[in-house]
Number of protein chains: 2
Amino acid sequence: MKQISRFSHFGELSDKDYFRIALSVDCVIFGFEDGELKVLVIKCNIKEYKGLWSLLGDLVKPDEDLDTASYRILKERTGLDDVYLEQVQTFGQVGRHPAGRVITTAYFSLVNIKDHQLKLSDNELHWHPVNEIAEMAFDHMEILKGCLERLREKVIDHPVVFNLLPKKFSLRELQSLYEAILNIKLDRRNFRKKFFMMDWLIDLEELEEDVPHRPGKLYKFNQAKFGRKTKKVS
Amino acid sequence: MKQISRFSHFGELSDKDYFRIALSVDCVIFGFEDGELKVLVIKCNIKEYKGLWSLLGDLVKPDEDLDTASYRILKERTGLDDVYLEQVQTFGQVGRHPAGRVITTAYFSLVNIKDHQLKLSDNELHWHPVNEIAEMAFDHMEILKGCLERLREKVIDHPVVFNLLPKKFSLRELQSLYEAILNIKLDRRNFRKKFFMMDWLIDLEELEEDVPHRPGKLYKFNQAKFGRKTKKVS
DNA sequence: TTCAAATGTGTATTTTTAACACATTATTAC
DNA sequence: GTAATAATGTGTTAAAAATACACATTTGAA
């Protein structure tokens with residue numbers, strides 16, 4: 001109770017208010033490729049979790065905001081600037097990291113895989129199908145699940161999936177993306193009807209190329225209608 | 001980049017991976033009284049925010065999980081054990097706390113005000129109508145807004161509001177609670193119909209007492225249908 | 001030229017949500 | 001005890017949203 005009082009009411013933090021704690025952010029970076037939802041992971045080298053996949057994360061710096069830290073990681077890892085990023089949950093279990101007390105705040109982000117293919121090769125980074133991951137290092141499986149669930153809730157009401165697609169895309173690609181995220185089959189006619197009604201799409205009057213079948217029309221996201229990408233749409 | 005590698009891949013955290021950071025949790029404790037949604041606040045005594053309301057929070061202990069810390073605060077402040085608690089968001093802006101770098105994880109909780117009236121008197125705690133708070137200490141206004149928004153989303157699909165009511169309640173009380181949370185008027189007939197359809201309620205075959213009008217039937221929450229209070233219902 | 005595969009399109013049905021009014025019951029005031 | 005007050009309790013109709021469903025068209029490939 002004394003500690004509460006000191007903390008809530010009176011001046012500076014005293015030495016014993018601090019302890020050896022590290023703060024990190026972990027990014028669940030989603031991508032979409034070959035009809036599958038994928039997540040960017042890296043092989044874990046610490047002995048406790050040798051060989052398992054882990055998420056991309058880093059310690060937060062003393063003078064760095066949480067959001068800034070996660071943007072930094074994304075930039076460093078994917079080279080991408082203008083990505084969708086959303087804080088999901090903070091994981092603070094005492095024993096979650098073998099190296100000590102590390103609290104991590106999880107973010108999910110949505111990127112178009114094609115936009116940064118080049119950066120991947122010389123690295124141990126890897127796009128892994130979300131559905132095919134059963135085990136990860138640390139509590140990263142739990143983090144991944146939490147972020148996936150949040151993504152699923154999000155896409156139902158909010159136009160965020162466009163961050164996973166190239167600028168121009170067909171309705172088939174869009175539908176297949178929703179099916180991959182939600183893990184369900186959708187009716188093509190109802191899907192199209194709904195999207196046209198919502199007015200989220202702009203018809204580019206162009207056709208797909210290099211597809212082994214009748215090409216579909218290409219669309220782009222009606223961004224003007226929603227303002228900044230990362231802003232929540234009500 | 002070196003720091004990323006050390007952190008992600010190799011053994012122990014080195015000294016420079018730590019910095020003077022304090023971790024806290026803040027609880028937005030909601031209650032319902034006199035037809036209003038209220039939040040439990042305390043007068044802030046630090047000079048920068050003298051006289052403003054602040055949320056109830058405390059530093060997390062070195063060996064304490066985040067969830068445990070927020071339960072502890074609730075227990076200390078309200079005397080209540082079995083409360084609904086949900087993590088909402090972590091606030092880590094560099095300058096958010098005048099005493100130093102303090103990162104806080106916000107939780108909201110739902111309690112029945114009547115259950116712990118006694119504990120309040122000798123304290124500076126105060127139940128304040130949510131709608132009448134315009135300014136708070138620190139970034140607590142932002143935290144409150146975030147939690148309120150989360151609560152609003154939550155109550156639409158999930159049976160959590162019962163935590164704000166006494167064991168026995170009338171449909172009028174229940175509806176008035178929804179109206180207070182969502183800040184809208186609801187149609188009484190549709191409201192009742194919906195609740196009976198959802199099968200969330202058990203008719204206690206009792207009537208209200210001490211009401212200055214025709215008493216309504218009393219109900220209790222159909223808890224058996226949903227398992228643990230704090231568990232998410234899909 | 002034919003085949004395969006995906007595009008593009010509309011209607012009927014069901015379900016959900018929203019709007020809406022009056023008789024009944026208990027309390028209170030006279 | 002009678003009348004006034006105030007809230008309870010109850011169904012139907014209309015509108016909107018979600019779902020189910022089939023066939024002709026276009027292009028690429030064989």
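Protein chains get the first letters and strands the later ones, always in sequence-line order, with residue 1 at the start of each.
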Using the test side-chain hydrogen bond (donor to acceptor under 3.5 Å, both in side chains), find all partners of [X] that sit at least two apart in sequence or belong to another chain.
| X | answer |
| --- | --- |
| B:His128 | B:His126 |
| A:Asp67 | A:Tyr107 |
| A:Ser176 | none |

Item to check | B:Asn163 side chain near B:Val111 side chain, heavy-atom distance below 4.5 Å | outcome: no
[X]: which residues meet the salt bridge (charged side-chain N to carboxylate O under 4.0 Å, His left out) condition with it, sequence neighbours left out?
| X | result |
| --- | --- |
| B:Lys167 | none |
| A:Lys193 | none |
| B:Asp34 | B:Lys38 |
| A:Glu142 | none |

Checklist entry - Quick one: salt bridge (charged side-chain N to carboxylate O under 4.0 Å, His left out) pairs with a partner in residues 214-223 of chain B, sequence neighbours left out? => result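 As it turns out, the salt bridge (charged side-chain N to carboxylate O under 4.0 Å, His left out) pairs with a partner in residues 214-223 of chain B, which skip direct neighbours, are B:Asp203-B:Lys217.
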Checklist entry - What pairs of residues pass the salt bridge (charged side-chain N to carboxylate O under 4.0 Å, His left out) test when at least one of them lies in residues 179-191 of chain A, not counting sequence neighbours? => result A:Glu179-A:Lys185
Item to check | B/S/- contact track for nucleotides 25-30 of chain D, protein heavy atom under 4.0 Å | outcome: BBBS--
Checklist entry - From the 5' end of DNA chain C to its 3' end, which nucleotides mark the outer limits of contact with chain A, defined by a 4.0 Å heavy-atom distance cut-off (strictly under)? => result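 That gives a stretch of C:dA6 to C:dT11.
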Checklist entry - Which residues, if any, of residues 184-198 of chain B bring a heavy atom under 4.0 Å of DNA chain C? => result B:Asp187, B:Arg189, B:Asn190, B:Lys193
